[in-house]
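Below is one structure; the comments refer to it alone.
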Amino acid sequence: MIQLYNTLTQRKEPLKTLEPGKVRMYVCGMTVYDFCHLGHARVLVAFDVITRYLRHSGYDVTYVRNITDVDDKILRRADENGEAFTALTERMIEAMHEDERSLGVIAPDQEPRATGHMDDMLRMIQTLIEKGFAYAADNGDVYFAVEQFNGYGKLSKKKLDDLIAGARVDVSEVKRSPADFALWKAAKSGEVSWPSPWGDGRPGWHIECSAMSTCCLGNTFDIHGGGPDLLFPHHENEIAQSEAATGQPFVNYWMHAGAVRVNKEKMSKSLGNFFTIREILEKYPAEVVRYFLVSSHYRSQVDYSEENLAEASSTLTRLYQALRGLTPAADVPETDYDARFQAAMDDDFNTAGANTVLHALASEINRLRRDGEEAEASRLAAVLVRLGGVLGLLQQDPEAYFQSGSGEGPSAEEIEQQIEARAEARRNRDFAEADRIRDTLAEQGVILDDSREGTSWRRA
RNA sequence: GGCGCGGUGGCAGAGUGGUUAUGCAGCGGACUGCAACUCCGUGUACGCCGGUUCGAUUCCGACCCGCGCCUCCA
């Protein structure tokens, strides 16, 4: 039985889906005005692993992740660039898909875009007005009347009174309560806009997720996820809008990933201390980045640093070393390792614990190979690849993993040539020459591994 | 100030009321021409103070420290 931590109840709960064997999950995706950063990668990878494991456990998962393709930041950036906002968003969506593929993130089943769901949003806003949960202000904005919704604050554990008293935002005169938030924003002259019963404008940020999630998955669905900073106000507002509009519970399980930090500070757009995924991929193989993310629990915060990535690289190398030169056996039935792996993953997707099983497998495989038990090693190699796959790891051919590099350094042919030259020197017991060749390659970032079968190489 | 999360060995990072996390780094040994890879061995780690208990890193309370949200941000 899978247990998962529910932000709403603040504890782990057994997963009981609305429909047996079926999981409907919605995750807040990107606002596409810039390249994705490591924080996005964290969420992408976390929910990718969750989806993979749910499927591995036999669930039929419908995974929906939206794209916010119209919003203030997008319009401002497009304006700065002197381009149509759609040109900007198309470009960034393409880049985002590239980053996802690099990280081995499986595409969601549906990827709705805000601009494609205007009618749904307008319908929901209309319903909210009709039910008395929203009002059109004099300036053409439409606001959600927070005080009308019983239970506002139940996700973020905030009290409405505190929110109203502590409102730091400019208290707009058009709002009835400082805590009210915009469902629809009237367009200023020259701005991109859509027609509505309340005048031309565009949707507020929160309404799109309420509209798209209920649209794709129904009024009530199983899991809603997102980054840590979306908990409030975004998710809180989604609940208010959705439940007010449909009169039904919105989501059963709320899941939030932990923050990514850099130098003890949260990495964020506003602090300007973020690393984009593509920047990081220039320095480390994508699978190392993924391994780094997966080696700690999805809810804990992680610190990005050169040291941590280097360590992830060493550790992943150990796993691939175990698989190197082995052909995984076919159709290997479940083992104790599978059971241990599942026990860890069943406990709120404890990838760090599951990772231990991967290392236990690697150790056993290495011992078996030392003892010449290739057949059994091949069986466990298959298990290692299978379990690694649930985390989106170890799916490459080991040689390909070791030999792929930044494109710098000598070519594979040159390396093979040098290895042959070194072998010749060694046969002649000219170890000075052999070591010189090895040292030269090392300086070029190529490490040689000798074995009875010969010499293999990898890039550092 | 309000709400929430966390403090584990040199570092990263799980977990548990009494028994090995795991990895990286280090040290010793094996293998090797020497290395690398790999294997074997190796570290009285659980913020502080009380309490509960036969026994607490693990439960309870106080304290100290760090972090997150409360404003656009994954």
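Order of the sequence lines sets the chain letters (A, B, ...), proteins ahead of strands, with each chain counted from 1.
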* Structure fact -> Taking B:A74, B:A35, B:G2 as options, the one with an atom nearest any side-chain atom of A:H40 is B:A74
* May I have the distance from A:R340 (atom CZ) to B:A14 (atom P), rounded to whole angstrom? => 17 Å
Strictly under 3.5 Å: I want the nitrogen or oxygen pairs between protein and nucleotides 37-41 of chain B, one per line.
from: B:C37; atom 1: O4'; to: A:D449; atom 2: OD1; distance (Å): 3.3
from: B:C37; atom 1: O2'; to: A:Q321; atom 2: OE1; distance (Å): 3.3
from: B:U38; atom 1: O3'; to: A:N366; atom 2: ND2; distance (Å): 2.9
from: B:C39; atom 1: OP1; to: A:N366; atom 2: ND2; distance (Å): 3.1
from: B:C39; atom 1: O2'; to: A:R370; atom 2: NH1; distance (Å): 2.0
from: B:C40; atom 1: OP1; to: A:R367; atom 2: NH1; distance (Å): 2.6

* hbond_proxy A:R42 side chain to B:A74 base (donor-acceptor, 3.5 Å cutoff) -> no
* **Spacing of A:E306 atom CD relative to B:C11 atom C1', expressed in whole Å** => 16 Å
* Asked: When all nucleic acid strands are considered with a 4.0 Å heavy-atom cut-off, which category describes A:G258: base, sugar-phosphate, or nothing?
  -> base
* Pairwise P distance for B:G23 and B:G18, with rounding to whole Å -> 22 Å
* Asked: Is a donor-acceptor contact shorter than 3.5 angstrom present between the side chain of A:D229 and the base of B:G68?
  -> no
* Does the ring-ring contact (aromatic ring centres under 6.0 Å, His included) test come out yes or no for A:F275 and A:H37, once each step is laid out? -> CA-CA 5 Å; A:F275 289 83; A:H37 62 221; over 10 Å; no
* Figure out the CH2/C1' separation between A:W254 and B:C69, and round it to whole Å. => 15 Å
* To do: For A:E443 and B:A36, give me the distance from atom CD to atom P, rounded to whole Å.
  => 17 Å
* Pick the C1' atom in B:C73 and in B:C39, then give their distance to the nearest Å. => 49 Å
* **Nucleotide of B:G4, B:C73, B:A35 approaching A:K266 most closely (side-chain heavy atoms)** => B:C73
* Asked: For the side-chain contact (heavy atoms from CB on, under 4.5 Å) test, which of A:I67, A:D99, A:L44 pairs with A:M30?
  -> A:L44
* Reckon A:K157 has a side-chain N or O less than 4.0 Å from the OP1 or OP2 of B:G2? -> no
* Structure fact -> Comparing nearest nucleotides in RNA chain B, the 5'-proximal residue of the pair A:V260, A:I447 is A:I447
* Report the secondary structure of RNA chain B in dot-bracket form, marking unpaired bases with a dot and bases paired to a different strand with |, and treating Watson-Crick or G-U pairs with both distances under 3.5 Å as paired. => (((((((..(((.....[...))).(((((.......)))))....(.(((..]....))).))))))))....
* Asked: Does the A:R42 side chain pair with the main chain of A:G258, one donor and one acceptor, at a distance under 3.5 Å?
  -> yes
* **Heavy-atom donor-acceptor pair, A:T356 side-chain to B:A14 base, under 3.5 Å** => no
* Would you mind classifying the nucleic acid contact of A:N350 as base, sugar-phosphate or nothing, using non-hydrogen atoms under 4.0 angstrom? => sugar-phosphate
* To do: Looking at every strand, decide which applies to A:L230 at a 4.0 Å heavy-atom threshold: base, sugar-phosphate, or nothing.
  => sugar-phosphate
* Euclidean distance for P, B:G41 against B:U20 (whole angstrom) -> 14 Å
* Mind calculating the distance between CG (A:N308) and P (B:G13) to the nearest angstrom? => 6 Å
* Asked: Please give, in whole Å, the distance from B:C72 P to A:R76 CZ?
  -> 12 Å
* Looking only at non-hydrogen atoms, find the nearest pair between A:Q110 and A:C216 and report the distance. => OE1-SG, 3.4 Å
* Ignoring hydrogens and angles, are the base of B:A74 and the side chain of A:H37 linked by a donor-acceptor pair under 3.5 Å? -> yes
* Kindly say whether A:V288 contributes a backbone atom to a donor-acceptor pair with the side chain of A:S313 at under 3.5 angstrom? => no
* Asked: Which part of the nucleic acid does A:S156 contact within heavy-atom distance under 4.0 Å: base, sugar-phosphate only, or nothing?
  -> sugar-phosphate
* Verify the contact: side-chain N or O of A:H359 to OP1 or OP2 of B:U22, cut-off strictly under 4.0 Å; return yes or no. => no
* Asked: Among all residues two or more places apart in sequence or in another chain, which pass the salt bridge (Lys or Arg N to Asp or Glu O under 4.0 Å) test with A:E279?
  -> none
* Looking at A:R426, A:R422, A:R427, which hits salt bridge (Lys or Arg N to Asp or Glu O under 4.0 Å) with A:E424? -> A:R427
* Base, sugar-phosphate, or nothing: which does A:A257 touch, judged by heavy atoms less than 4.0 Å apart? -> nothing
* Any idea which heavy atoms bring A:G409 and A:R459 closest together, and the distance? -> C-NH1, 4.2 Å
* Structure fact -> Here the residues of residues 372-395 of chain A within 4.0 Å heavy-atom distance, strictly under, of RNA chain B are none
* Asked: Heavy atoms under 4.0 Å, any strand shown: does A:V27 hit a base, just sugar-phosphate, or nothing?
  -> nothing
* To do: Calculate the interatomic distance between A:H235 atom NE2 and B:C3 atom P; express it in whole Å.
  => 22 Å
* Please measure how far the C1' atom in B:G13 lies from the corresponding atom in B:C72, and state the result in whole Å. => 33 Å
* Is a donor on one side and an acceptor on the other found under 3.5 Å between the side chain of A:D397 and the backbone of A:E399? -> yes
* Asked: Which residues satisfy the ring pair (Phe, Tyr, Trp, His ring centres under 6.0 Å) test with A:H256, sequence neighbours excluded?
  -> A:H235
* Structure fact -> Among B:C72, B:C67, B:A74, the one nearest any side-chain atom of A:K73 is B:C72
* To do: Under 4.0 Å between any heavy atoms, over every strand shown, what does A:S268 touch: base, sugar-phosphate, or nothing? Just pick one.
  => base
* Asked: To the nearest 0.5 Å, what is the distance between CG (A:L394) and CG (A:L316)?
  -> 6.0 Å
* Asked: On RNA chain B, nearest-nucleotide positions of A:S451 versus A:P228: which is more 5'?
  -> A:S451
* Asked: Atom CD1 in A:I437, atom CD in A:Q417: separation rounded to 0.5 Å?
  -> 11.0 Å
* **Cation-pi geometry met for A:R299 and A:Y5 (6.0 Å, 45°)** => yes
* In whole Å, what separates the P atom of B:C48 from that of B:A56? -> 15 Å
* Structure fact -> From OH of A:Y298 across to P of B:G13 the rounded distance in Å is 17 Å
* **Among A:D72, A:D69, A:D71, salt bridge (Lys or Arg N to Asp or Glu O under 4.0 Å) partner for A:R202** => A:D72
* Sticking with atom P, work out how far B:A12 lies from B:C46, rounded to a whole angstrom. => 16 Å
* Would you confirm whether A:S242, through its side chain, and A:I239, through its main-chain N or O, come within 3.5 Å as a donor-acceptor pair? => no
* Asked: So what does A:E307 hit on the nucleic acid, given a heavy-atom distance under 4.0 Å: a base, only sugar-phosphate, or nothing?
  -> nothing
* Asked: When you look at CG of A:D336, are more than 12 heavy atoms from neighbouring residues, nucleotides or ligands closer to it than 6.0 Å?
  -> no
* Below 4.5 Å, heavy atoms only, C-beta onward: do A:R290 and A:V105 meet side chain to side chain? -> yes
* To do: Compare the minimum distances between each of B:A14, B:G33, B:C24 and the side chain of A:E311, then state the nucleotide with the smallest one.
  => B:C24
* To do: Using heavy atoms and a sub-4.0 Å distance, could you list which residues of residues 422-432 of chain A are near RNA chain B? By number, please.
  => A:R422, A:R426, A:F431
